[in-house]
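Following this message is one structure expressed as structure tokens.
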Amino acid sequence: MTMRLPHRLTTPSSLIRRRPHSSLATQRNLLSRGAVARLATGRTHCYFSSTSVGPPPSSRRGCIDSIQVGGFANSYDGAPSLKKTLDRYGDIAWPNKGCRAFSSAGGVDEDHSDETNQEIISHAESGDISKAEESLGLMQAGAISQNNADGLPDIDSYTALMNACIDEQRDIISATEEERDDEVTSDANTTMPNEEHSAQSNERGTVKIMALAEKAHDLLVTMEDLSGVSDHYSSMRPSGSALTELRNPSLRPTSHHYDSVISASANVATAARDANYTSHLIKNAPFVAQRWLQRMETLAFDPKSGVTPTVDSYFHVMKACAASSVTDAPNNKRCKAPALAQSIFDKLKQNTNIRPMAREHRLMLRTWAGSVGHKEAAYRAMGFWMTMQREFGGGVEEMEPTLEDGKMVLEACTRAIQKHTARRAQTILTTMEKLHASKKTNVRPDLDCYRYTLITMSRSRVPTVGSNVPKLLKSMEDNNILPDTACFDAAIETLKNCARHSIMDESEKYAKATESMMLRMELQRERSSESVIRPTAATYTNVIQALAVRKTTKSAERADVILANMEKEYAAGDPSMQPTKVSYVGVIHAYGHSDAEDKYLRADGVLRRMIAQHEGGNEAARPDVFSFHAVIRACSRTAEATSSTEYCKEALLLAISTVQYMKKSESHRPNAKSYLLLLQCCANLL
């Protein structure tokens, strides 16, 4: 697959347009030896010297051919026609515009050729790509039209123009980054940043980078065709494009040329990712880079080619593949970008002459860590981090993982779904702590590292993970790192999950630890001069759910008090304390599992408060079918807490009235589960 971009090296065109009334004999008389024809791109000019023979200029205009010169970077169409026409006219001199000059005797003007090559190089080095491109195209066209291999631009001209394209790409990328940094600085002082203008500017820069990559790509294709490389291997030229039989082995591309084009493709993919810009051309960039890498690997089997893939070759292909994630949806579980980059990394590892170093490992680590949709992203990123850490421990200093590397891996762990991700995250954090404590590295875990580890633990369902929460908080205290709200929230959620998934004795321990952590958080809030620590509704809801596990009247009443405080603060205007459906259902469950004789009445009271809260405008407290089911379950368990028939009778009547209320409602009508719970309630209470 080749990358087809809007800008060509030059515009292909038909070289000769024959006028029907012009005869061959007349044409030969009109352009005799010594006549000068000046050929310019996109124009038609015929100039004759004072020594020309034949009819006067006025009579010539009606019978001569209109000659146009196009470009041949991507197509040699028209070259045979031009050659035949020039043979008819005699010897034509090409004095300017980068073409090889021919004397009246048909020989090659070597001095002019050197001047033209030097002109191309001079334009390219000064950054005038358009003039260098024009000169090279015309010189190339002239050589092809005369079937003269020595008249082609030399390899230095192609190299200079290709280097100029890459340098221009880098300049655009640097300018875009500076503009982005300036916008970040200015956004702090303005309330209405011009985001639309910034996006358009970034897209324009990406399109320019894409066009420059196409120029470099086409130059390399031309060099392969003219040097004969494509005679032995498949040509990268699009199918249907005309080829020339002209060959000059001195134009054989080197590793530098292949590396340059691969780097250009990587720049396209990277710029598109940063600008959040995509098109079908952008999608092709990584595959173009891969094809050129495969060409280098194939040529490497031929010792005479002088072409060998370098570490840079593999790195830039990996970079292009990694940046291609811009074309994937943010949560696409089939994101191919990291897998493509991984396949190139694996090929690099199999190469016996070169080996991946810190740059390649770090790129893969960050590629996997930044992949949102891939289920193995965190596991793969951890593998690269461990490899770098092992190499660093073995004495390779450049392989030392940075703090940013560790943070990216730990952040990736927060999105992982594997069972043992929490344990692996703790291992990474512990390793970082030990290395810093032993003075082997200056990398010290910061608040983000602890926060990501705690969040990862909070999403685990392993019952024993909560035992490490106090150790992490103690380590933060020893390192003078103050936990923030996210750290406390994650710790509380971790302990709550352990309380819900542990056996009876352990469950009680974790439930108590959850409430203790909440009290510690409130204490830290009072001591803090800044609002770094601030419990929210989510914090208290987790505590309520943990208290429900204890199955005592005291814990249920404690949960009810917490809910009442949330309602009070929310009513006072604190939106962060907005009680939700989960908050109310948690208290209902707490009463349902308690040993209170009137649990059914208390559970029903919480449900009524929930309905009133929703009717008062709190959409987060909208009751659903499961909210009513929680009350029916509380009624059913009344027989476990009391032997009083009066209480059992009241509980049964409440369960029946609850189902009747549901039948009158349009939003939470009873379902099969509702009637099943009612039957169970009858069985327990009658």
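Keep in mind that this is a model prediction, so the values were computed, not measured.
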Discussion item. To the nearest 0.5 Å, what is the distance between OG on Ser674 and CZ on Phe626?
Written reply: 9.0 Å
Discussion item. Under a 4.0 Å threshold between the charged nitrogen and the carboxylate oxygen, would Asp405 count as salt-bridged to Arg366?
Written reply: yes
Item to complete: For Asn479 and Ile481, indicate whether the former's side chain and the latter's backbone hold a donor-acceptor pair under 3.5 Å.
Response: no
Worksheet item: Within a reach of under 6.0 Å around NZ of Lys407, are more than 12 heavy atoms found that belong to other residues, nucleotides or ligands?
Response: yes
Worksheet item: Which heavy atom in Ala341 sits nearest to a heavy atom in Cys321, and how many Å separate them?
Response: N-CB, 3.7 Å
Worksheet item: Among side-chain atoms of Asn565 and Tyr540, is any donor-acceptor pair under 3.5 angstrom?
Response: no
Worksheet item: Any luck finding a side-chain donor-acceptor pair between Ser555 and Thr552 under 3.5 Å?
Response: yes
Worksheet item: Any side-chain heavy-atom pair from Val582 and Gln545 closer than 4.5 angstrom?
Response: yes
Discussion item. For a side-chain hydrogen bond (donor to acceptor under 3.5 Å, both in side chains) check, start with the C-alpha distance between Thr421 and Thr456, then their side-chain angles and the critical distance, and finish with the verdict.
Written reply: CA-CA 7 Å; Thr421 303; Thr456 304; over 6 Å; no
Worksheet item: Are Glu400 and Thr441 close enough that a side-chain donor and a side-chain acceptor fall under 3.5 Å?
Response: yes
Worksheet item: Mind checking whether Ile428 and Met386 have side chains closer than 4.5 Å, heavy atoms only?
Response: yes
Worksheet item: Can you check whether Leu519's main-chain N or O pairs, donor with acceptor, with Gln524's side chain at less than 3.5 Å?
Response: no
Item to complete: Identify the two heavy atoms, one from Ala337 and one from Ser324, that lie closest to each other, and give their separation to 0.1 Å.
Response: CB-OG, 3.7 Å
Worksheet item: Where is the tightest heavy-atom contact between Arg362 and Met388, given as atom of each residue plus distance?
Response: NH2-CE, 3.4 Å
Worksheet item: Arg423 and Val465: side chain to side chain contact (heavy atoms under 4.5 Å, CB included), yes or no, with the steps?
Response: CA-CA 8 Å; Arg423 175 176 56 80; Val465 72; over 6 Å; no
Worksheet item: With a 4.0 Å cut-off, would you call Asp489 and Lys496 a salt bridge?
Response: no
Fill in: No-hydrogen, no-angle side-chain donor-acceptor test under 3.5 Å, Thr427 and Thr430
no
Discussion item. For the aromatic rings, using the six-membered ring if either is Trp, is the centroid distance between Phe628 and Tyr661 under 6.0 Å?
Written reply: yes
Worksheet entry | Partner of Glu493 by side chain to side chain contact (heavy atoms under 4.5 Å, CB included), out of Asn542, Thr514, Leu454, Val543 | Asn542
Worksheet item: Do you see a donor-acceptor pair shorter than 3.5 Å between the side chains of Trp368 and Gln342?
Response: yes
Item to complete: Taking Ser371 for its side chain and Pro338 for its backbone only, find out whether a donor-acceptor pair lies under 3.5 Å.
Response: no
Item to complete: Check the pair Glu515 / Arg520 against salt bridge (Lys or Arg N to Asp or Glu O under 4.0 Å), numbers first and verdict last.
Response: CA-CA 9 Å; Glu515 187 175 7; Arg520 177 177 177 180; over 6 Å; no
Discussion item. Has Asp595 got a side-chain atom pairing as donor or acceptor with Ala641's backbone, closer than 3.5 angstrom?
Written reply: no
Worksheet item: Between NZ of Lys581 and OG of Ser627, what distance do you get to the nearest 0.5 Å?
Response: 6.0 Å
Worksheet item: How long is the gap from OH on Tyr600 to OG1 on Thr658, to the nearest 0.5 Å?
Response: 12.5 Å
Discussion item. If you define the side chain from C-beta out and look only at heavy atoms, does anything of His361 sit under 4.5 Å from Pro356?
Written reply: yes
Practice prompt. Output yes when Lys599 and Asp604 qualify as a salt bridge under the 4.0 Å nitrogen-oxygen rule, no when they do not.
Written response: no
Worksheet item: Between Ser594 and Tyr591, is there a donor-acceptor pair closer than 3.5 Å when you use the side chain of the first and the backbone of the second?
Response: yes
Worksheet item: Do Pro483 and Tyr450 come within less than 4.5 Å of each other through their side chains, counting heavy atoms only?
Response: no
Worksheet item: Val587 versus Ile562: any side-chain heavy-atom pair under 4.5 Å?
Response: no
Fill in: Polar contact flag, side-chain donor to acceptor under 3.5 angstrom, Thr536-Ser576
no
Practice prompt. Tell me, yes or no, whether the heavy-atom count around Tyr379 atom OH, taken from other residues, nucleotides or ligands under 6.0 Å, exceeds 12.
Written response: no
Worksheet item: For Gln680, does its backbone N or O pair with a side-chain atom of Asn684 as donor and acceptor, under 3.5 Å?
Response: yes
Worksheet entry | Validation row: Pro670, Leu678 side chains within 4.5 angstrom (heavy atoms) | no
Fill in: Spacing of Thr638 atom OG1 and Glu650 atom CD [to the nearest 0.5 Å]
9.5 Å
Worksheet item: Quick check: does any side chain N or O of Asn497 sit under 3.5 Å from a backbone N or O of Ser458, one acting as donor and the other as acceptor?
Response: yes
Worksheet item: Between Ser475 and Glu433, does any side-chain donor sit less than 3.5 Å from a side-chain acceptor?
Response: yes
Discussion item. If you count every heavy atom of other residues, nucleotides or ligands that lies below 6.0 Å from Arg461 atom CZ, does the total exceed 12?
Written reply: yes
Worksheet item: With a 4.0 Å cut-off, would you call Glu619 and Arg622 a salt bridge?
Response: yes
Fill in: Heavy-atom pair with the smallest gap, counting every atom of Val659 and Ile632
CG2-CD1, 3.8 Å
Worksheet, complete the sentence: For Ala412 and Ala378, the nearest pair of non-hydrogen atoms, with its separation, is O-CB, 3.6 Å
Response to the item:
When every non-hydrogen atom of Ala556 is compared with those of Ala590, the smallest separation belongs to CB-O, 3.5 Å
Response to the item:
Separation between CD (Gln578) and CD (Glu569), nearest 0.5 Å, reads 13.5 Å
Worksheet entry | Expected output: side-chain Ser665 to main-chain Met662 donor-acceptor under 3.5 Å | no
Worksheet item: Quick check, are the ring centers of Phe345 and Phe384 under 6.0 angstrom apart?
Response: yes
Worksheet item: Does the side chain of Ser502 come within less than 4.5 Å of Thr464's, by heavy atoms?
Response: no
Discussion item. Would Asp274 and Asn202 count as a side chain to side chain contact (heavy atoms under 4.5 Å, CB included) here? Give the steps.
Written reply: CA-CA 8 Å; Asp274 295 341; Asn202 291 338; over 6 Å; no
Item to complete: Kindly indicate, with the supporting measurements, whether the criterion side chain to side chain contact (heavy atoms under 4.5 Å, CB included) is fulfilled by Lys440 and Lys434.
Response: CA-CA 9 Å; Lys440 293 181 179 179; Lys434 289 181 178 179; over 6 Å; no
Worksheet item: Is any side-chain N of the basic residue among Glu646 and Lys649 closer than 4.0 Å to the acidic one's carboxylate O?
Response: no
Worksheet entry | Neighbour count >12 (heavy atoms, 6.0 Å) for atom CG, Asp478 | yes
Discussion item. Contact between Thr494 and Ser460 at the side-chain level, heavy atoms closer than 4.5 Å - yes or no?
Written reply: no
Worksheet item: Does the Arg669 side chain pair with the main chain of Lys663, one donor and one acceptor, at a distance under 3.5 Å?
Response: yes
Worksheet item: What's the spacing between Met476 CE and Asp446 CG if we round to 0.5 Å?
Response: 9.5 Å
Worksheet item: With a 4.0 Å cut-off, would you call Arg602 and Glu557 a salt bridge?
Response: yes
